Amino acid sequence: IGRLHLAAPDDGSEATVDRLTSAIAALDASLAIQPANTYAWADLALARMRRDGPSPISLEALRMSVATAPSEPALLVWRLDMILSHSHLL
C-alpha cells in the first residue's frame, strides 16, 4: 500500500500530502511487523522526504535502510542520491 501511494505524482497539493501521510502510516505498520525490511525503510525515507523535505526524521529512516541491508545493490544509487539530499544534516 505504501508503495502505491508513492507512485502518484508529487504536486504539493493537499491531496498529495494526504496520500504521503497514508503511505507513511502504511509503512510504519509494515515496519512494526517486519522491522528488517530494508525496502520499507527506503520507502519510508522517501515518503517522509517528499512530504516534509529532507529532515532528521527522513534521514533516520534512510539510516535504518542502510543498517538493515548495507550492501543492497538495488538501493546503492538511490541511497547516494538521498544522502546528498540530506547532506546539510550530516
Side-chain angles (χ1 to χ4, degrees):
I1 303 269
R3 238 177 231 275
L4 292 175
H5 288 295
L6 287 173
D10 190 3
D11 61 7
S13 68
E14 185 176 332
T16 297
V17 171
D18 290 345
R19 178 179 46 78
L20 290 169
T21 300
S22 294
I24 291 166
L27 290 161
D28 282 337
S30 173
L31 286 163
I33 297 167
Q34 291 185 309
N37 184 336
T38 196
Y39 289 98
W41 283 112
D43 287 345
L44 182 60
L46 180 60
R48 287 176 173 173
M49 188 181 85
R50 285 177 64 185
R51 186 185 68 180
D52 303 321
S55 67
I57 196 161
S58 57
L59 180 59
E60 181 58 30
L62 175 58
R63 285 182 173 146
M64 288 302 298
S65 175
V66 173
T68 53
S71 353
E72 179 57 47
L75 292 175
L76 180 63
V77 173
W78 177 85
R79 285 175 175 164
L80 291 173
D81 185 51
M82 286 289 283
I83 289 167
L84 287 174
S85 296
H86 288 82
S87 61
H88 67 284
L89 298 170
L90 302 174

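Excluded from the calculations below are hydrogen atoms, water molecules and symmetry mates; all remaining heavy atoms, backbone and side chain alike, are included. Nothing fancy with the numbering, it's 1 onward along the sequence. All of these numbers come straight from a predicted model, not from anything done at the bench.
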- Query: Rounded to the nearest 0.5 Å, how far does CZ of Arg19 lie from CD1 of Ile24?
  - Reply: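 Interatomic distance, Ile24 CD1 to Arg19 CZ, rounded to 0.5 Å: 10.5 Å.
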
- Query: Rounded to the nearest 0.5 Å, how far apart are CG of Asn37 and CE of Met64?
  - Reply: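 Here the rounded value is 11.0 Å.
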
- Message: Going by the rule side-chain hydrogen bond (donor to acceptor under 3.5 Å, both in side chains), which residues pair with Arg79 if we only count those two or more places apart in sequence or in a different chain?
- Response: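 Listed in chain order: Thr38, Ser65.
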
- Return the set of residues passing side-chain contact (heavy atoms from CB on, under 4.5 Å) with Leu84 (not counting sequence neighbours), or none when no residue passes.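 Leu84: no side-chain contact (heavy atoms from CB on, under 4.5 Å) contacts found.
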
- Residues in side-chain contact (heavy atoms from CB on, under 4.5 Å) contact with Leu90, at least two apart in sequence or another chain: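 Applying side-chain contact (heavy atoms from CB on, under 4.5 Å) to Leu90 gives Leu59, Arg63, Ile83.
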
Show me the side-chain donor-acceptor pairs of residues 71-78 shorter than 3.5 Å, one per line, residues at least two apart or across chains.
residue	atom	partner	partner atom	Å
Glu72	OE2	Tyr39	OH	2.8

What pair of heavy atoms forms the shortest contact from [X] to [Y], and how long is it?
X     : Y     : answer
Thr68 : Ala36 : CB-O, 3.7 Å
Ala40 : Leu31 : CB-CD2, 3.6 Å
Leu27 : Ala47 : CD1-CB, 4.5 Å

- Item | Arg51: which of Thr16, Thr21, Asp18 passes side-chain hydrogen bond (donor to acceptor under 3.5 Å, both in side chains) |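 The residue from Thr16, Thr21, Asp18 that satisfies side-chain hydrogen bond (donor to acceptor under 3.5 Å, both in side chains) with Arg51 turns out to be Thr21.
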
- Task: Please list all pairs passing the salt bridge (Lys or Arg N to Asp or Glu O under 4.0 Å) test where one or both residues lie in residues 21-31, with sequence neighbours left out.
- Result: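 The answer is Asp28-Arg48.
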
- Contact list for residues 80-90, test side chain to side chain donor-acceptor pair (under 3.5 Å), sequence neighbours left out: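 For residues 80-90: Ser58-His86.
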
- Item | Donor-acceptor under 3.5 Å (Trp41 side chain, Pro35 main chain) |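 Yes, Trp41 side chain to Pro35 backbone: donor-acceptor pair under 3.5 Å.
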
